[in-house]
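Notes to accompany the following structure.
Position 1 is the first residue of the sequence, and the numbers go up from there. Every value quoted in this text rests on a predicted model; they were computed, and no experiment measured them.
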Amino acid sequence: DYSIIADLQNAKAEKADDLRRILADLVGDGSVYSDANASKLEEIVSSAISGFEKLSTVDAVTEAYNAAVEKMNGVLTLADEQKVLEEFRAKSKAELDVYSAKDYSAENWKAVQERIEKACQDIDAAKNTAEVSSILAYAKADIRKIEKKAPFDSTPLLIGAAVFVVAVAV
């Protein structure tokens, strides 16, 4: 039926135009999305539009359009990315706040503190979560290499106390 085919072609064209308009509005002057996320948006639109050609009903085109818009809404803006990065930085620094002076000699504790301080500075300067993860992993690995104090062994004290008790008793 010609009208069904015409309606389908019109729906495909309208939804493709709508997606292109949305993309243009979102990407705009390049100040809202990073280049990588602008590329993701472009890929979503391109994929959806090329997918329209395989669809055989107006409802299917509408569903595919809605799915594309939903995917686009899930792409982070620069502000969203910055918020995620700040939260990740704070979480990563907290992971470095687990070391204790009681576990190290004074000299080694100083080395641990220096490594933590350097890692925190590097984390603050990191441009993305991948850099933060890498800095954190290297800092933890470096700290693991710093010798800890031997765990306290109370056995000699117990033996000494037992000898004392026996000696006093005799």
Side-chain angles (χ1 to χ4, degrees), residues 1-100 103-104 109 111-146 148:
D1 186 32
Y2 177 75
S3 67
I4 293 174
I5 293 172
D7 289 346
L8 179 60
Q9 293 307 322
N10 286 339
K12 289 177 182 181
E14 285 175 17
K15 296 301 183 188
D17 288 345
D18 285 350
L19 286 177
R20 287 186 194 99
R21 254 191 310 278
I22 292 170
L23 177 64
D25 289 345
L26 291 176
V27 175
D29 64 2
S31 65
V32 178
Y33 290 91
S34 65
D35 290 343
N37 283 352
S39 293
K40 285 181 188 177
L41 290 168
E42 290 166 2
E43 175 56 33
I44 291 167
V45 169
S46 175
S47 178
I49 291 171
S50 66
F52 288 168
E53 294 311 311
K54 300 173 188 141
L55 302 177
S56 57
T57 67
V58 171
D59 287 343
V61 171
T62 302
E63 263 184 52
Y65 167 85
N66 290 338
V69 169
E70 189 173 323
K71 284 181 187 176
M72 292 170 78
N73 287 335
V75 176
L76 298 179
T77 64
L78 286 169
D80 294 336
E81 286 183 85
Q82 190 61 36
K83 182 179 176 189
V84 167
L85 178 58
E86 289 303 322
E87 289 170 358
F88 195 70
R89 283 176 175 153
K91 178 181 167 271
S92 297
K93 287 182 194 178
E95 287 187 41
L96 292 171
D97 198 25
V98 298
Y99 301 96
S100 173
D103 295 330
Y104 298 91
W109 177 240
V112 169
Q113 287 179 306
E114 287 171 356
R115 186 60 190 109
I116 290 170
E117 185 178 321
K118 173 77 168 103
C120 287
Q121 290 170 353
D122 291 347
I123 286 170
D124 285 338
K127 298 194 183 339
N128 55 54
T129 57
E131 284 182 24
V132 172
S133 292
S134 178
I135 293 163
L136 180 62
Y138 281 113
K140 286 180 171 182
D142 284 350
I143 293 169
R144 277 194 300 274
K145 293 176 188 173
I146 298 172
K148 286 186 168 186

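- Salt bridge absent: K83 and D80 never bring a charged side-chain N and a carboxylate O closer than 4.0 Å.
- Minimum interatomic distance between W109 and S100 (heavy atoms only, all atoms of both residues): CZ3-C, 3.5 Å.
- Here the straight-line distance linking atom SG of C120 with atom CZ of R115 works out to 9.5 Å at 0.5 Å rounding.
- Distance OH/Y104 to CD/Q113: 11.0 Å, rounded to 0.5 Å.
- For the pair E81 and S34, the tightest heavy-atom approach, listed with the atom from each and the gap, is OE2-OG, 3.2 Å.
- By the 4.5 Å heavy-atom criterion applied to side chains, V45 and L41 are not counted as neighbours.
- The number of heavy atoms from other shown groups lying within 6.0 Å of CG (D35) does not exceed 12.
- The backbone N or O of A130 lies less than 3.5 Å from no partner atom in the side chain of S134, so there is not a single donor-acceptor pair.
- The shortest distance between side-chain heavy atoms of Y99 and K140 falls below 4.5 Å.
- A 4.5 Å side-chain heavy-atom check between V69 and L19 finds at least one atom pair inside the cut-off.
- Atom NZ of K71 has 12 or fewer neighbouring heavy atoms from other residues, nucleotides or ligands inside a 6.0 Å radius.
- A salt bridge links K91 with E95; the closest basic N to acidic carboxylate O contact falls under 4.0 Å.
- Contact detail for A60 and L55: the closest heavy-atom pair is O-CD1, 3.5 Å.
- In this structure, V61 and E14 have side chains that are not in contact, with every pair of non-hydrogen atoms separated by 4.5 Å or more.
- For the atom pair OH (Y138) and CD1 (I143), the distance works out to 15.0 Å, reported to the nearest 0.5 Å.
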Trace of the side-chain contact (heavy atoms from CB on, under 4.5 Å) decision for L96 with L136: CA-CA 8 Å; L96 292 171; L136 180 62; 3.7 Å; yes
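- By the 4.5 Å heavy-atom criterion applied to side chains, K12 and L8 are counted as neighbours.
- A heavy-atom distance below 4.5 Å is found between the side chains of I22 and Y65.
- A salt bridge links K118 to D122: at least one charged side-chain nitrogen sits closer than 4.0 Å to a carboxylate oxygen.
- For the atom pair NZ of K15 and OG1 of T62, the computed distance is 4.5 Å after rounding to the nearest 0.5 Å.
- For the residue pair S31/D29, the side-chain donor-acceptor check at 3.5 Å is satisfied.
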Worked verdict on R21 versus D18 for side-chain contact (heavy atoms from CB on, under 4.5 Å): CA-CA 5 Å; R21 254 191 310 278; D18 285 350; 2.4 Å; yes
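- A donor-acceptor pair shorter than 3.5 Å can be found between the side chains of Q82 and E86.
- A salt bridge does not link E43 to K40: none of the charged side-chain nitrogens sits closer than 4.0 Å to a carboxylate oxygen.
- Crowding of D25 atom CG: a count of heavy atoms from other residues, nucleotides or ligands under 6.0 Å exceeding 12.
- Separation of atoms CD1 (I123) and CD (Q121) is listed at 10.5 Å; rounding is to 0.5 Å.
- Between D17 and R20 there is a side-chain heavy-atom pair separated by less than 4.5 Å.
- Counting only distance, with no hydrogens or angles, the side chain of N37 and the backbone of L76 share a donor-acceptor pair below 3.5 Å.
- Here CG of L85 is found 10.0 Å from CD of E87. Values are rounded to the nearest 0.5 Å.
- For the residue pair F52 and A16, the shortest heavy atom distance occurs at CE1-N, 3.6 Å.
- Of the possible polar contacts, none joining the S47 side chain to the I44 backbone as a donor-acceptor pair under 3.5 Å is found.
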